[in-house]
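Heads up, the thing below is written out as structure tokens.
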There are 2 protein chains.
Amino acid sequence: MRCLAKRLLSFTRLVQGVNVSAVTSPLVWEHVQPAAARRLLTGAVDAFAERGYQATTTRDIASRAGMSPAALYVHYPSKERLLFEISLYGHNAALEVLRSADAGSTPADRLRSLVAAFTAWHAEHHTIARVVQYELVALTPEHLAEVAVIRRAISTQIEQVLADGVRDGSFAVADLPGTTLAVLSLSIDVARWYTPHRGDPAALGKLYADLAHRMVQT
Amino acid sequence: MRCLAKRLLSFTRLVQGVNVSAVTSPLVWEHVQPAAARRLLTGAVDAFAERGYQATTTRDIASRAGMSPAALYVHYPSKERLLFEISLYGHNAALEVLRSADAGSTPADRLRSLVAAFTAWHAEHHTIARVVQYELVALTPEHLAEVAVIRRAISTQIEQVLADGVRDGSFAVADLPGTTLAVLSLSIDVARWYTPHRGDPAALGKLYADLAHRMVQT
DNA sequence: GTCTATATGCCGATAGAC
DNA sequence: GTCTATCGGCATATAGAC
């Protein structure tokens with residue numbers, strides 16, 4: 001089993017501004033080696049997103065990868081560890097998408113870019129996003145603490161832009177923490193309801209960027 | 001086992017306008033008889049909300065109600081049926097909160113009232129709301145179809161107000177279905193993150209009413 | 001690194017006494 | 001309507017051959 005964390009940031013580096021097409025790459029997991037470990041991981045993402053972590057059996061994951069149940073344990077020491085690697089990767093990818101999108105000369109431009117990219121990521125990668133956002137309780141306390149650090153960084157990224165806009169007078173925000181959470185909520189909830197037939201991720205990103213901007217503009 | 005559905009609408013009838021204090025009644029399940037069935041049901045709500053349906057065992061539910069595992073089956077024929085009764089009740093309660101809140105002379109007043117009440121309900125009843133919003137996949141196809149009807153009615157309630165506002169020129173909405181979903185999303189996602197220490201449900205409702213109104217106003 | 005076979009335990013649900 | 005006892009099955013994870 002190779003170390004996944006070291007390679008987590010590879011693909012999101014390609015994203016610039018609201019160039020959300022870059023996050024639609026199908027080869028998201030190409031850095032996971034060997035191929036058997038990658039098949040197990042992508043099978044687990046699909047299964048966890050479809051049925052949830054607890055309802056997914058190791059037999060199901062193994063069979064999606066074309067293996068016997070026992071073969072899973074050669075690559076991952078437990079089902080929870082598989083979830084953790086997916087969750088850690090997903091959180092880092094989401095944070096990197098935000099950091100790469102935080103470009104623009106005004107708080108309004110930056111906010112629109114952040115919301116568009118974060119929303120499009122949740123739509124395009126709705127299976128990973130579903131695991132990231134809704135399977136936190138299945139993590140061990142230690143692993144949860146690790147991803148919680150990344151979650152705080154994600155929240156801070158949005159809050160900072162809103163605070164900048166308030167300072168220069170382009171935004172009117174009565175409750176900064178509450179509005180930060182609301183803006184994040186809008187994008188995160190996409191993972192709950194999105195399916196490919198519900199529209200283009202980039203178009204959804206643009207709509208949500210507009211809605212978020214209107215929520216705070218003076 | 002008594003029929004729960006017939007008594008679903010009792011408490012939400014008390015709610016008028018944005019009188020969200022009425023939905024904070026702690027005796028939400030008082031109509032479930034006998035008391036043993038009610039203890040099982042409230043125990044199941046807490047357990048499902050904490051760990052999720054699949055991670056909750058019938059032994060856990062029974063022990064929260066102070067009973068042996070076997071006693072559960074005197075009141076409910078299966079674990080899934082317990083989930084269904086909770087989900088059906090919760091959906092009907094949420095819909096009734098919306099219908100009671102749809103009061104006001106202008107689309108703006110109506111939208112603010114709807115969003116305030118719907119948001120406050122998700123905060124105040126975040127345990128029930130979590131089961132309602134995140135455990136749909138555990139329902140049988142037949143039971144899912146039944147709650148899906150209620151979910152469409154909830155969505156329609158919001159969409160109608162937005163459409164009325166567009167018609168009389170008080171709202172500017174580029175994408176009506178998309179904006180409807182976004183407004184609903186904001187409130188629904190409250191069930192994911194809300195805990196009592198994060199503020200007063202009524203105050204959150206007011207904040208979200210303001211944000212939703214700004215999303216659509218001309 | 002993958003397999004077959006299996007250890008070990010908990011799951012949902014039932015049987016039958018009281 | 002509640003209990004104790006238990007059924008049959010499937011869960012995660014391991015042992016050991018190849």
Side-chain angles (χ1 to χ4, degrees), chain A residues 1-4 29 31-48 50-87 131 135 137-143, chain B residues 1-4 29 31-48 50-87 131 135 137-143:
Chain A
M1 187 183 63
R2 306 288 185 80
C3 178
L4 179 58
W29 302 107
H31 56 281
V32 180
Q33 293 293 340
R38 182 167 63 249
R39 290 203 312 274
L40 286 164
L41 204 123
T42 57
V45 170
D46 292 345
F48 293 163
E50 264 178 43
R51 317 177 211 275
Y53 173 82
Q54 295 283 355
T56 299
T57 67
T58 51
R59 282 169 165 79
D60 181 17
I61 296 167
S63 90
R64 284 174 193 249
M67 288 180 230
S68 74
L72 186 151
Y73 294 90
V74 173
H75 301 281
Y76 301 94
S78 69
K79 190 175 98 166
E80 191 275 339
R81 179 59 183 266
L82 203 37
L83 172 66
F84 172 59
E85 301 227 350
I86 292 165
S87 190
V131 179
E135 301 297 342
V137 290
L139 294 169
T140 64
E142 294 76 18
H143 288 163
Chain B
M1 187 184 64
R2 305 289 186 80
C3 178
L4 179 60
W29 302 107
H31 57 280
V32 180
Q33 293 293 340
R38 182 168 61 249
R39 290 203 311 275
L40 286 165
L41 205 125
T42 57
V45 170
D46 292 345
F48 292 163
E50 264 177 44
R51 317 178 210 273
Y53 174 82
Q54 296 284 356
T56 299
T57 67
T58 52
R59 283 166 171 80
D60 181 17
I61 296 167
S63 89
R64 283 174 194 250
M67 287 181 232
S68 73
L72 186 151
Y73 294 90
V74 173
H75 302 280
Y76 300 94
S78 68
K79 190 174 97 162
E80 191 276 338
R81 180 59 181 266
L82 202 38
L83 172 66
F84 171 59
E85 301 227 349
I86 292 165
S87 189
V131 179
E135 301 298 341
V137 290
L139 294 168
T140 64
E142 294 76 18
H143 288 162

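In what follows, every chain begins at residue 1, and chains take the letters A, B, ... in the order their sequences are listed.
Between the C1' atom of C/dG9 and the CZ atom of B/Arg59 lies a distance of 11 Å, rounded to the nearest Å. Between the CD atom of A/Gln54 and the P atom of D/dC10 there is a distance of 19 Å, given to the nearest Å. Note: CZ (B/Arg39) to C1' (D/dG1) measures 11 Å, nearest angstrom. At whole-Å resolution of the value, CZ in B/Arg38 and P in D/dG1 are 14 Å apart. The distance between atom CZ of A/Arg51 and atom P of D/dC10, rounded to the nearest whole Å, is 15 Å. Rounded to an integer number of Å, the gap from NZ of B/Lys79 to P of C/dG12 is 5 Å. Rounded to whole Å, atom P of C/dT2 lies 15 Å from atom OH of A/Tyr73. Distance B/His75 NE2 to C/dA13 P: 16 Å, rounded to the nearest Å.
Considering all non-hydrogen atoms of both residues, A/Gly43 and A/Arg64 come closest at O-CD, 3.5 Å.
Distance from the side chain of A/Val74 is smallest to C/dT2 among D/dT4, C/dT2, D/dG1. Closest to the B/Ala70 side chain, of the nucleotides D/dG1, D/dA5, D/dT14, is D/dA5. Distances were taken from every side-chain heavy atom of B/Thr57 (C-beta onward) to each of C/dG12, C/dT4, D/dT2; the shortest belongs to C/dG12. The side chain of A/Ser78 lies closest to D/dA13, out of D/dC3, C/dG1, D/dA13.
In this model, the phosphate group of C/dG12 is approached by a side-chain N or O of B/Thr58 to a distance below 4.0 Å at OP1 or OP2.
Distance alone, capped at 3.5 Å, places no donor-acceptor pair between the A/Tyr76 side chain and the A/Leu83 backbone.
Inter-residue side-chain proximity for A/Tyr53 and A/Val137 is flagged as unmet; no heavy-atom pair is nearer than 4.5 Å. Counting heavy atoms from C-beta outward, A/Arg51 and A/Asp60 have side chains that approach closer than 4.5 Å.
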